[in-house]
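FYI, the numbering just counts along the sequence from 1. Atoms within a ligand are numbered from 1 in the order they appear, just like the ligands themselves. From a predicted model like this one, the values you see are computed outputs, not experimental measurements.
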Amino acid sequence: MTVKSFQPPKRTLMGPGPSDVSQRVLGALARPTIGHLDPAFVGMMEEMKGLLQYAFQTKNDLTFPVSAPGSAGMETCFVNLVEPGDKVIVCQNGVFGGRMKENVERCGGVPIMVEDAWGTVVDPQKLEDALRANPDAKLVAFVHAETSTGAQSDAKTLVALAHKYDCLTIVDAVTSLGGTPIKVDEWGIDAIYSGTQKCLSAPPGLSPVSFNERALERIRARKRKVQSWFLDLTLVMGYWSGGSKRAYHHTAPINNLYGLHEALVILQDEGLENAWARHAFNHEALKAGIEAMGLKFIVKAGDRLPQLNAVTIPEGVNDAEVRTTLLNDYNLEIGAGLGSMAGKIWRIGLMGYASNAHNVEYCLKALDEVLSKAKAPISKGVAVNAAKAILGKTAKAS
Ligand SMILES: *Cc1c(COP(=O)(O)O)cnc(C)c1O
């Protein structure tokens with residue numbers, strides 16, 4: 001048997017990521033591969049730094065994409081900033097906070113957990129209690145946008161609290177970057193990481209990170225080498241910050257970087273504020289449809305992520321069957337619940353390029369039809385019109 005070229009089906013990606021990648025970004029990925037030390041490539045990477053600084057709202061010199069997915073950006077922050085014996089306060093309100101704890105432990109650090117119920121935000125009072133009880137803590141880590149539940153914590157307040165008690169901060173902005181406001185310099189975030197496949201709508205495989213001067217001082221003062229060779233920032237810096245004197249560290253994923261560059265140019269052209277407003281607007285439309293149908297959000301209003309809508313699965317409905325039908329009959333992907341939320345919620349993403357009026361209507365129409373057929377206890381045939389009332393004239397027929 002001869003294997004033929006792979007032709008992926010055309011899907012609409014409305015899960016927790018990856019999100020739909022535009023033809024413009026796909027086109028950029030297909031441009032000719034050049035050497036990673038080619039002056040033309042180095043020039044592109046210099047632009048990339050400026051574009052990422054804009055997306056993060058920072059002047060941090062050490063702002064670059066780690067050559068691996070969001071999880072590697074997470075690991076880059078922890079392995080560089082945590083030394084054996086360091087106490088790290090980790091706020092957990094979903095799946096990704098749990099991974100932060102794993103990272104601290106694997107660095108030989110001591111995690112102090114501040115736990116909040118899944119679907120709620122990180123409670124600043126609990127963080128302050130933990131900071132008071134642990135005056136020797138060195139770091140505070142939390143997830144800004146918890147993709148497993150759709151809750152958005154108040155990053156500005158949490159960072160200010162950490163600084164009040166002389167702790168540096170590590171912030172997970174994988175799902176928030178490009179979707180909801182992140183202001184690295186204004187909020188004083190010390191180390192931050194994100195991903196490309198959520199609200200930036202580039203393919204997965206890169207993790208934009210940014211470190212401020214305080215974080216770099218901490219890294220320079222380390223007593224021992226970072227245990228990861230690949231993620232050791234003191235080595236990576238020679239490559240990303242070397243200007244024309246860039247030294248070989250690893251071969252950058254060249255074409256994937258073209259894709260991220262294009263996605264960031266698109267973000268720059270739209271404008272960050274406009275991108276945030278678009279995500280908020282399309283969320284309002286989806287919410288109107290979801291609630292008209294009778295489904296409920298698990299996160300309380302005001303704490304919800306517009307780009308990740310976690311809704312309850314109606315009584316008696318088979319989670320997997322519905323998602324399979326959506327995929328097979330509508331080419332539509334939505335997300336399942338993670339961990340303790342499995343089988344209880346769906347996660348509907350409206351991220352980046354996928355956050356548009358057409359997708360809102362298409363998803364509501366598909367859910368309405370599939371749930372009606374499954375005899376689910378919902379209000380039938382009303383969701384799309386409820387969304388249209390919000391979308392108004394900007395709505396396109398689905
Ligand atoms: C997706 C995600 C990650 C992990 O990113 P990968 O690119 O899958 O490694 C980390 N944190 C949050 C909040 C995420 O949503």
- Query: Below 4.0 angstrom, N of the basic side chain to O of the carboxylate: do Lys59 and Asp185 qualify?
  - Reply: no
- Ser207 near ligand 1, heavy-atom distance under 4.0 Å? no
- Message: Is the ring pair Trp229/His249 parallel, tilted or perpendicular, if the boundaries are 30 and 60 degrees?
- Response: parallel
- Item | Nitrogen or oxygen atoms of Ala72 and ligand 1 under 3.5 Å apart | no
- Enumerated ligand 1 atoms positioned under 4.0 Å from heavy atoms of Ser71: 4 (C), 5 (O), 6 (P), 9 (O)
- Message: Using a 4.0 Å cutoff against the non-hydrogen atoms of Ala145, which atoms of ligand 1 qualify?
- Response: 13 (C)
- What atoms in ligand 1 come closer than 4.0 Å to a heavy atom of Pro69? 6 (P), 7 (O), 9 (O)
- Establish, for the pair Arg132 and Tyr165, whether the NZ or CZ atom is under 6.0 angstrom from the six-membered ring centre and no further than 45 degrees off its axis. no
- Note on the structure: The closest protein heavy-atom partner of atom 11 (N) of ligand 1 is Asp172 OD2, 2.7 Å
- Task: For atom NZ of Lys49, decide whether the heavy atoms of other residues, nucleotides or ligands shown that lie under 6.0 angstrom number more than 12.
- Result: yes
- Message: To check your reading of the model: name the closest protein heavy atom to atom 15 (O) of ligand 1, its residue, and the distance in Å.
- Response: Thr147 OG1, 2.3 Å
- Message: Under 4.0 Å between a side-chain nitrogen and a carboxylate oxygen: does that hold for Glu83 and Lys138?
- Response: no
- Do any N/O atoms on Gln197 end up under 3.5 angstrom from N/O atoms on ligand 1? yes
- Write out the residue and atom name of the closest protein heavy atom to atom 6 (P) of ligand 1, then the distance separating them to 0.1 Å. Gly70 N, 3.5 Å
- May I ask whether Leu81 and Phe230 are part of the same hydrophobic cluster, defined by side-chain heavy atoms of I, L, V, M, F, W, Y residues being less than 4.5 angstrom apart, directly or through others? yes
- Item | Heteroatom distance test (Thr175, ligand 1): nitrogen or oxygen, under 3.5 angstrom | yes
- Query: Any link between Val360 and Met293 through a network of hydrophobic side chains (Ile, Leu, Val, Met, Phe, Trp, Tyr) touching at under 4.5 Å?
  - Reply: yes
- Query: Does a side-chain N-to-carboxylate-O contact under 4.0 Å join Glu102 and Arg99?
  - Reply: no
- What residue and atom, counting heavy atoms only, is the protein's closest point to atom 3 (C) of ligand 1, and at what distance? Phe96 CE2, 3.4 Å
- Return yes when Lys198 approaches ligand 1 closer than 4.0 angstrom through a heavy atom, no otherwise. yes
